[in-house]
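Taking it in order: structure first as structure tokens, then the write-up.
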Amino acid sequence: IMKTNIIALTALISTLAFATAAEKMKAPNGGRIIDTVEPHAEFVINADKKIEIRFLDDEGKVIAPAAQVVTVTMGDRANPTKLAFAKEGDKLLSDKTIPEGKELPVVVQIKTTPDAKSVSAKFSLNLAKCPTCVYLEYACTCDHGGDEKGHEGHKH
């Protein structure tokens, strides 16, 4: 029984260590990490207002897209903008620019292969500049904890 408990405890600690490593993964291009899919993905709005999706290995390094299929639906819920993606170098690039607005609802759907079940991530694309870090709010890496001084209107 002791041996079984030690094995179970070791497995639990390994799982927690892996989960903690995934939570601490930094976005190499200043985007938002989508960790509901393996490999994890980075969601970035580029200077041309297009979306770039990059896939990341366990160390947070960019890996070339394989057979992943990504779609993004965003903006006005009554008349949403749907974006498709094509492979461009080490990333997937959206076919259109994002709609106008500073805070847009976003649904990212990623299939690891064309036949796989879709994994979704939903968030608000807040394009305001974070007052305490170098990123836009949607990709903010600040760890505010309980101290919200100077963070009025600061939403993640």
Go through it in stages, so that I can follow the logic: the residues are Val44 and Ile51, the test is side chain to side chain contact (heavy atoms under 4.5 Å, CB included), and I'd like the CA-CA distance, side-chain angles, deciding distance and then a yes or no. CA-CA 6 Å; Val44 178; Ile51 298 170; over 6 Å; no

Please answer whether the main-chain N or O of [Y] pairs with a side-chain N or O of [X] as donor and acceptor at a distance below 3.5 Å.
X      : Y      : result
Gln109 : Val72  : no
Lys117 : Lys111 : no
Arg32  : Tyr138 : yes
Glu42  : Lys26  : no
Lys129 : Cys133 : yes
Asp95  : Ala84  : yes

What I'd like to find out is whether the side chain of [X] reaches to under 4.5 Å of the side chain of [Y], using heavy atoms alone.
X      : Y      : value
Pro114 : Gln68  : no
Val119 : Ile34  : no
Phe43  : Leu125 : yes
Thr73  : Pro80  : yes
Lys82  : Thr71  : no
Pro99  : Met74  : yes
Arg77  : Pro105 : yes

To the nearest 0.5 Å, tell me how far [X] [atom1] sits from [Y] [atom2].
X     : Y     : atom1 : atom2 : result
Asp90 : Phe55 : CG    : CZ    : 11.5 Å
Thr97 : Asp48 : OG1   : CG    : 9.5 Å
Thr81 : Asp76 : OG1   : CG    : 8.0 Å
Ile53 : Lys87 : CD1   : NZ    : 14.5 Å
Ser94 : Glu88 : OG    : CD    : 10.0 Å
Leu83 : Leu92 : CG    : CG    : 12.5 Å

Could you check whether Glu52 pairs with Lys50 (Lys NZ or Arg NE/NH1/NH2 to Asp/Glu carboxylate O, under 4.0 Å)? no

Quick one: do Ile110 and Val69 satisfy side chain to side chain contact (heavy atoms under 4.5 Å, CB included)? Show the steps, please. CA-CA 6 Å; Ile110 301 173; Val69 177; over 6 Å; no

Residues that, via side-chain heavy atoms closer than 4.5 angstrom, fall in one hydrophobic cluster with Val134: Tyr135

Check the hydrophobic clustering (I, L, V, M, F, W, Y; side-chain heavy atoms under 4.5 Å; chains of links allowed) and say if Val108 and Ile63 are grouped together.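 Result: yes, single cluster for both.
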
Under the side chain to side chain contact (heavy atoms under 4.5 Å, CB included) rule, collect the residues that match up with Lys61, sequence neighbours excluded. Asp57, Glu59

Going by atom types only, do Ser124 and Glu103 share a side-chain donor-acceptor pair under 3.5 Å? yes

Residues Thr112, Glu38; criterion side chain to side chain contact (heavy atoms under 4.5 Å, CB included); working and verdict: CA-CA 8 Å; Thr112 53; Glu38 284 291 339; 6.0 Å; no

Non-hydrogen atoms of Pro39 and Leu56 that approach each other most closely: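 Here Pro39 and Leu56 meet closest at CB-O, 3.3 Å.
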
Please report the shortest heavy-atom distance between Gly101 and Leu127, naming the atom on each side.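 Looking at all heavy atoms of both residues, the shortest contact is O-CD1, 3.6 Å.
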
Please walk me through it: do Ile45 and Leu136 pass side chain to side chain contact (heavy atoms under 4.5 Å, CB included)? CA-CA 10 Å; Ile45 304 297; Leu136 295 179; 5.7 Å; no

